[in-house]
Amino acid sequence: MMDEKTLGIIKKAYGWNEMQIVPVHSGLINTTLKVMVSGHTYLLQQVNTHVFHHPAQIDENLGMLADHLHKQAAGYLFTAPVAMTDGKTLLVIDNRYYRVFNWIAGSHTIDVVNEPGQAYEASRQFGQFTALLKGFDAEQLHLSLPDFHNLSLRYRQFEAALQNGNNERMQAAKDAIVYLQSTIDIVKRYESFIGHPDAKKRVTHHDTKISNVLFNGQDKGLCVIDLDTVMPGYFLSDVGDMFRTYSCPVSEEEKNLELVMVRKDFIQAIEKGYLSAMDDELSQFEKDHLYFGGEMLIYMQAIRFVTDYLNNDIYYGSRYPGHNLVRTENQVRLLEGFQEAIR
Ligand code: GN1
Ligand code: MG
């Protein structure tokens with residue numbers, strides 16, 4: 001990962017005299033370290049090129065967004081990568097890609113949403129991000145993950161895994177598979193949504209989990225982070241992943257499915273927070289699909305987990321036998337609970 005030699009090159013490229021390293025807990029995809037340099041704290045990240053094949057395109061995306069926001073919304077906290085001494089923001093060493101972000105002083109992240117107020121704040125942050133970029137042509141962005149939230153494609157990948165995947169695991173996942181096949185109307189509803197003239201593509205974050213929002217000491221939202229998947233997309237993606245991850249008191253890792261439940265007051269807080277920034281921007285047609293976003297994202301996560309389970313955990317990995325099946329069953333339970341809550 002990041003050996004002594006690599007760290008030495010990084011240090012030089014950023015013009016740092018000394019650095020102290022602290023590992024931090026972060027997402028499933030990139031490797032992140034906290035680095036302290038002469039009293040200043042940074043995040044040093046190695047981009048996972050198994051997932052993101054073109055880190056330079058992401059770097060360009062972040063540069064374009066930073067420029068636009070700098071001009072149009074001065075004062076908005078946008079966590080663009082820090083420049084090296086040569087002005088570049090992406091460092092390539094032996095075909096590996098590194099970048100550095102400022103650690104935002106006084107900020108913290110949370111892993112679980114305990115109060116509706118936190119859901120409101122986070123949702124407002126993601127809404128504000130898209131709203132502030134309404135004058136930016138989203139189609140200028142490179143697609144860091146083409147078809148990332150294309151539910152039709154995700155369904156086809158699920159079908160392919162059913163054809164070619166691990167047979168033993170197919171038996172173990174039978175109930176979840178049957179359920180996910182029987183709820184295929186979600187795919188149809190997605191297709192009719194994206195075919196509608198009032199469904200617009202905008203700058204969309206695509207990974208709105210709570211740990212991707214920085215909070216201040218008073219639990220007010222400061223900014224959104226983890227911007228690799230910022231691409232043109234539908235608001236369903238952002239609002240939907242918030243319903244998926246904030247409305248439930250436990251995460252997708254929870255094995256005790258009795259703890260997987262949906263909190264209506266959190267659903268309302270997400271809705272209110274998002275609309276506080278996006279009310280004028282969304283069409284009535286889109287607003288009518290707010291909750292559909294939740295159904296769609298929970299469903300998509302369930303089929304992504306089960307697909308990976310059938311494919312022997314090649315994407316998400318697995319820390320214990322059956323890990324991706326647990327995640328799948330968790331999301332299936334969540335989908336049932338969510339549909340009940342919005343009925
Ligand atoms: C991945 O790396 P992380 O934890 O931010 C995934 C998301 C999933 C999430 C589920 C690029 O996000 O789409 O919702 O895991 N990101 C990618 O935990 O696949
Ligand atoms: Mg992420």
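Numbering of ligands and ligand atoms starts at 1, following listing order.
Here the closest heavy-atom approach between residue L282 and residue R202 is recorded as CD2-NH1, 3.6 Å.
Taking the six-membered ring for Trp and thresholds of 30 and 60 degrees, H196 and F285 have nearly parallel ring planes, at less than 30 degrees apart. Below 30°, between 30° and 60°, or above 60°: for H323 and Y320 the angle between ring planes is below 30°, a parallel geometry.
The atoms of ligand 1 that sit less than 4.0 Å from any heavy atom of Q301 are 8 (C), 10 (C), 14 (O). For ligand 1, the atoms closer than 4.0 angstrom to any heavy atom of L145 are 11 (C). Of all atoms in ligand 1, numbered sequentially from 1 with element shown, those under 4.0 Å from a heavy atom of Y315 are 11 (C), 17 (C), 19 (O). Residue contact check: D226 has heavy atoms under 4.0 Å from atoms 5 (O) of ligand 1. Listed by number with element, the atoms of ligand 1 under 4.0 Å from a non-hydrogen atom of Y316 are 8 (C), 15 (O).
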For a quick test of your reading: what N or O donor-acceptor pairs under 3.5 Å do the side chains of residues 234-241 make, sequence neighbours left out?
from	atom 1	to	atom 2	distance (Å)
S237	OG	H149	ND1	2.9
D238	OD1	H205	N	3.4
D238	OD1	H206	N	2.8
D238	OD2	H205	N	2.9
D241	OD1	R244	NE	2.6

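No more than 12 heavy atoms of other residues, nucleotides or ligands lie within 6.0 Å of NZ in K220, so this atom counts as exposed by the packing criterion.
Heavy-atom separations between R304 and ligand 1 include at least one value shorter than 4.0 Å. Between R244 and ligand 1 there is a heavy-atom distance shorter than 4.0 Å. Contact between N212 and ligand 1 is absent, with no heavy atom of the residue lying under 4.0 Å from the ligand.
On a distance-only criterion, E252 and ligand 1 share at least one N/O pair closer than 3.5 Å. Between K209 and ligand 1, at least one N/O pair is under 3.5 Å apart.
Screening V224, I110, L77, T109 for a side chain to side chain contact (heavy atoms under 4.5 Å, CB included) with L214, the sole residue that qualifies is T109.
Here the straight-line distance linking atom CZ of F126 with atom CG of D207 works out to 7.5 Å at 0.5 Å rounding. How far CD1 of I342 is from CD of E271: 10.5 Å, rounded to the nearest 0.5 Å.
Of all the heavy atoms of M300, none lies under 4.0 Å from any atom of ligand 1, so neither backbone nor side chain is involved.
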